[in-house]
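See below for the structure under consideration.
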Amino acid sequence: MYKYFSSDYFNRNRTESLKGFLALAVLFHHLYQKTQIVEHSTFFGFFLQSLGYYCVSIFFFISGYGLLMSFNRGGYLRTYQQNRVLPILIINALLVFVYALQKELLDIEVTWDNICLSLIYGGDIVDNGWYLLCIIVFYELFYVSGRFFPKQISKCVFLFTVFYIMLAFYKMPTWWYISSLAFPFGVSFGKYKIKVDEIFRKHFLLCSSCCIIAYLSCFILLFYGQKESEPLLSMSHYQAVAFNLLLSFMHGVLTCFLIVCAMMLKGRNRFCIPSQPMRWLSSIYLEIYVMQGLAFNFLRNSRWYLDNDYLFAVSSIVLTIVLSVIIHPVFLRIIAFVRVPKQSK
């Protein structure tokens, strides 16, 4: 029944076309948190609350997969730091300056300690900027693994990521690490993709059904587990925290594999929305992700406050898109300036 699957269902064009949708989904997730448009205690409210780490998990999964595919072509690490890491460092530094300036003008608290940490790791001057800092960490974990342990790269990336999670759990908010396991799973998926494809071709209905059932089970357990007044299981506080963390890690990874299943199913035709607007949004996905905080701060601050939730949501979407369009050429110039051009072999 599924013999028509093509091996390139997870190619760059298809994964890139997802990013605009994911960036918008993250924007809706943050709007849910900042408004009362959707009741927070409902299943749909919990889905919107979870939508953020679903999308970040998929971003990390795609990044891990893409890095391994590039690494397998050989010679990738020679220009890795300048082509992959340096542009993000410069973009992040630019964003730190812009956010610090905006917050200073709007009387939002800014400290030098936070500015310095936002340039390295741990600061939050850039709203949602933790994603950029985390992806730099994962890029460096990949580089170290590929540079020193090329034959065991997937295992090393996984172990390094677990070590990162342990350190982040000790000091950082949950969102700094809750989606992290998706990155090494993306690397492993790249390594074992042929074997995974063979299994899914033979047992697609069974495998996809298991993923859906496991995903829904995690969702329900997490939904009821968040309500302290309605404990799902009789556990101590620390046991409940550990159980919810484990479920959250599994939930993020399962979300990634549900996307893989969907792309397999549509591998021959149209999982990726072919519309021009979606392709355009995908070209500015990073800008949408990092500019929405500026929009939120501008619309709601100590000087003025847009109280109507519906008007705030619509204005935030429009302003985020406008700011993304404005900053997009700047990001492109930064990337073009620091990137080393490919050399012919």
Side-chain angles (χ1 to χ4, degrees), residues 17-59 95 98-110 124-132 173-175 178-179 216 219-220 222-224 226-227 229 248 251-252 255 259 273 275-328:
S17 69
L18 285 175
K19 292 181 178 180
F21 170 78
L22 294 174
L24 284 180
V26 171
L27 176 57
F28 292 144
H29 158 73
H30 289 136
L31 287 173
Y32 159 80
Q33 293 180 323
K34 293 180 177 296
T35 66
Q36 299 293 325
I37 296 175
V38 177
E39 177 59 44
H40 288 201
S41 61
T42 62
F43 275 110
F44 184 57
F46 183 67
F47 172 79
L48 290 176
Q49 175 61 30
S50 305
L51 192 59
Y53 87 87
Y54 291 164
C55 295
V56 173
S57 294
I58 298 169
F59 274 129
L95 291 170
V98 172
Y99 269 88
L101 179 61
Q102 185 206 44
K103 290 183 176 183
E104 187 67 28
L105 293 174
L106 296 178
D107 292 334
I108 301 173
E109 183 181 7
V110 176
D124 59 359
I125 285 292
V126 180
D127 296 343
N128 312 318
W130 65 268
Y131 170 78
L132 293 177
T174 307
W175 55 86
I178 200 65
S179 303
L216 292 175
F219 183 88
I220 293 171
L222 286 168
F223 175 75
Y224 287 106
Q226 69 173 339
K227 300 182 178 182
S229 59
S248 297
H251 205 197
T255 302
I259 293 296
I273 301 174
S275 66
Q276 186 64 29
M278 186 54 66
R279 286 197 294 266
W280 176 72
L281 285 173
S282 296
S283 71
I284 57 170
Y285 80 93
L286 179 60
E287 292 83 347
I288 293 173
Y289 192 90
V290 297
M291 289 291 107
Q292 54 191 264
L294 288 176
F296 297 155
N297 293 338
F298 179 78
L299 295 171
R300 287 183 171 177
N301 55 76
S302 60
R303 292 180 180 271
W304 56 79
Y305 191 91
L306 184 56
D307 189 56
N308 185 284
D309 282 344
Y310 292 95
L311 186 57
F312 172 77
V314 173
S315 301
S316 296
I317 294 171
V318 173
L319 187 54
T320 296
I321 298 298
V322 170
L323 291 172
S324 299
V325 171
I326 292 172
I327 201 69
H328 179 61

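In what follows, residues are counted from 1 in the order of the sequence shown. Not measured: the values here are computed from a predicted model.
For the residue pair Leu31 and Ser316, the shortest heavy atom distance occurs at CD2-CB, 3.8 Å. The nearest pair of heavy atoms linking Glu287 to Ser283 is OE1-O, 4.1 Å. Shortest non-hydrogen contact noted between Asp124 and Lys103 is O-NZ, 3.7 Å. Between Leu323 and Ala295 the shortest heavy-atom distance is CD1-N, 4.1 Å.
The backbone N or O of Phe21 sits nowhere less than 3.5 Å from a side-chain atom of Tyr285 that would complete a donor-acceptor pair. Between the side chain of Tyr32 and the backbone N or O of Gly45 there is at least one donor-acceptor pair closer than 3.5 Å. Within the 3.5 Å criterion, the main-chain N or O of Tyr54 finds no donor-acceptor partner in the side chain of Ser179. No donor-acceptor distance shorter than 3.5 angstrom exists from the side chain of Gln102 to the backbone of Val98, with no hydrogens or angles considered. Side chain of Arg300 to main chain of Lys34: a donor-acceptor pair is present (N/O by atom type, distance under 3.5 Å, no hydrogens or angles). Without hydrogens or angle criteria, Asp309 side chain to Thr35 main chain gives no donor-acceptor distance under 3.5 Å.
Partners of Phe44 by ring pair (Phe, Tyr, Trp, His ring centres under 6.0 Å), not counting sequence neighbours: none found. Partners of Tyr131 under the ring pair (Phe, Tyr, Trp, His ring centres under 6.0 Å) rule, at least two apart in sequence or in another chain, are Phe59, Phe60, Tyr289.
At most 12 heavy atoms of other shown residues, nucleotides or ligands fall within 6.0 angstrom of atom CZ in Phe298. For Gln33, the CD atom counts as densely surrounded, since its 6.0 Å shell holds more than 12 non-hydrogen atoms of other residues, nucleotides or ligands.
Phe28 has its side chain out of reach of Val38: every pair of non-hydrogen atoms, C-beta onward, lies at least 4.5 Å apart.
Asn301 CG to Leu306 CG: the interatomic distance, rounded to the nearest 0.5 Å, is 10.5 Å.
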